**Student:** 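Here you go, one structure.
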Amino acid sequence: MLLGPPGSGKGTQATRLAARYNIPHISTGDALRAAVKAGTAIGRAVKETIDGGGLVGDELIAGIVRERLAQADAVAGCVLDGYPRTAAQAATLDAMVGALPLVVVHIAAADDEIVRRLAMRRVCDACAITQSVSHDTDPDREACPYCGGNLIRRQDDHPDTVRRRLETYASLAAPLIAFYADRVTFHSVDGLGPLDEVTAALCAHIDRCRR
Ligand code: AMP
């Protein structure tokens, strides 16, 4: 399970870990955005909260995670990204996983670097690959270098919303990290290093825990 502020690279690292360990990447943010895009009842209920950078209710998100963890492809494990976000959610997750081993990694990143990264983050509306544009002259729509689709800035990556998301994270992170900090399966890595180094540090910790 990956903890860390928005923009710390959790999604990118989760994708890499999922490929490396051949387990699914379960992102609550992706699941909610998919529900919004599909216009489901859940999607309609959470759209405003997500766009504004707030958190959706604990019960709703716990239901989504519980359902997803019960699917066949997650039986051998998964990479959980974006859940839990609060100490209360962490307690709920403990109850969900029971005696199954939980490896917890915190990816740390400074706020100014996060604001800089998220200002450049775009998601392709066709192939869904998240990528960084090299400048921030906007426009919100540019062509995806992989498939030619539109590169879109996530609604919640606009700078005012990013600040709100960072405030939300800051108010919840300390108790969440404290919840796990004493466990031998908890480890904190510096998310500002080169991508490959961060991945290597994560894998080293996971492999230690699996031994
Ligand atoms: P993310 O892609 O992880 O940054 O999540 C995008 C948005 O989805 C967040 O800003 C929240 O509005 C919502 N969200 C994702 N995960 C959770 C969670 N565990 N608890 C509450 N809201 C969440």
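Numbering of ligands and ligand atoms starts at 1, following listing order. Quick caveat, the model's predicted, so the values are computed rather than measured.
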**Student:** More than 12 non-hydrogen atoms from neighbouring residues, nucleotides or ligands closer than 6.0 Å to CD on Glu48, yes or no?
**Tutor:** no

**Student:** Starting from atom 12 (O) of ligand 1, what is the nearest protein heavy atom, named by residue and atom, and what distance separates them?
**Tutor:** Gly54 O, 2.5 Å

**Student:** Heavy-atom pairs closer than 4.0 Å: do any link ligand 1 to the side chain of Ile61, the backbone, both, or neither?
**Tutor:** side chain

**Student:** Please step through salt bridge (charged side-chain N to carboxylate O under 4.0 Å, His left out) for the pair Asp125 and Lys37, ending with a clear verdict.
**Tutor:** CA-CA 11 Å; Asp125 71 352; Lys37 199 169 176 189; over 6 Å; no

**Student:** Looking only at the side chains, is there a donor atom on one of Asp94 and Tyr180 sitting less than 3.5 Å from an acceptor on the other?
**Tutor:** no

**Student:** Using a 4.0 Å heavy-atom cut-off, say whether Arg165 meets ligand 1 through its side chain, its backbone, both or neither.
**Tutor:** side chain

**Student:** Within the structure, is a non-hydrogen atom of Arg33 found at a distance of less than 4.0 Å from ligand 1?
**Tutor:** yes

**Student:** Is there side-chain contact between Thr92 and Arg66, with heavy atoms separated by less than 4.5 Å?
**Tutor:** yes

**Student:** Please list the nearest protein heavy atom to atom 9 (C) of ligand 1 with its residue and the distance rounded to 0.1 Å.
**Tutor:** Arg85 NH2, 3.8 Å

**Student:** Taking distance alone, with N or O pairs closer than 3.5 Å, would you say Ser27 contacts ligand 1?
**Tutor:** no

**Student:** So, are Asp157 and Arg165 salt-bridged, with charged N and O less than 4.0 Å apart?
**Tutor:** yes

**Student:** Regarding Arg117 and Glu113, does a basic nitrogen lie under 4.0 Å from an acidic carboxylate oxygen?
**Tutor:** yes

**Student:** Among protein heavy atoms, which sits nearest to atom 7 (C) of ligand 1, and what does the distance come to when rounded to 0.1 Å?
**Tutor:** Ile50 CG2, 4.1 Å

**Student:** Would one find an N or O of Asp30, backbone or side chain, under 3.5 Å from an N or O of ligand 1?
**Tutor:** no

**Student:** May I ask you to check if ligand 1 and Val56 share an N or O to N or O distance below 3.5 Å?
**Tutor:** yes

**Student:** For ligand 1, which atoms sit closer than 4.0 Å to a heavy atom of Gly82?
**Tutor:** 16 (N), 17 (C), 18 (C), 19 (N)

**Student:** Any idea which protein heavy atom is nearest atom 20 (N) of ligand 1, and the distance to it?
**Tutor:** Gln89 NE2, 3.0 Å

**Student:** Is a donor from one side chain sitting under 3.5 angstrom from an acceptor on the other, for Arg16 and Gln13?
**Tutor:** no

**Student:** May I ask you to say whether Asp51 pairs ionically with Arg33, meaning some side-chain N is under 4.0 Å from a carboxylate O?
**Tutor:** no

**Student:** For the residue pair Cys78 and Leu69, what are the closest heavy atoms and their distance?
**Tutor:** SG-CD2, 3.6 Å

**Student:** For ligand 1, which atoms, with element, lie under 4.0 Å from some heavy atom of Arg154?
**Tutor:** 1 (P), 2 (O), 4 (O), 6 (C)

**Student:** Is the closest N or O pair between Thr28 and ligand 1 shorter than 3.5 Å?
**Tutor:** yes

**Student:** Side chain, backbone, both or neither: which applies to Glu48 and ligand 1 if a contact is any heavy-atom pair less than 4.0 Å apart?
**Tutor:** neither

**Student:** Evaluate the side-chain contact (heavy atoms from CB on, under 4.5 Å) criterion for residues Gln155 and Ile50: first the C-alpha distance (whole Å), next the side-chain angles of each, then the deciding distance (0.1 Å), finally the verdict.
**Tutor:** CA-CA 8 Å; Gln155 186 71 28; Ile50 295 180; over 6 Å; no

**Student:** Considering only the protein, which heavy-atom contact is closest to atom 14 (N) of ligand 1, and what is its distance?
**Tutor:** Leu32 CD1, 3.5 Å

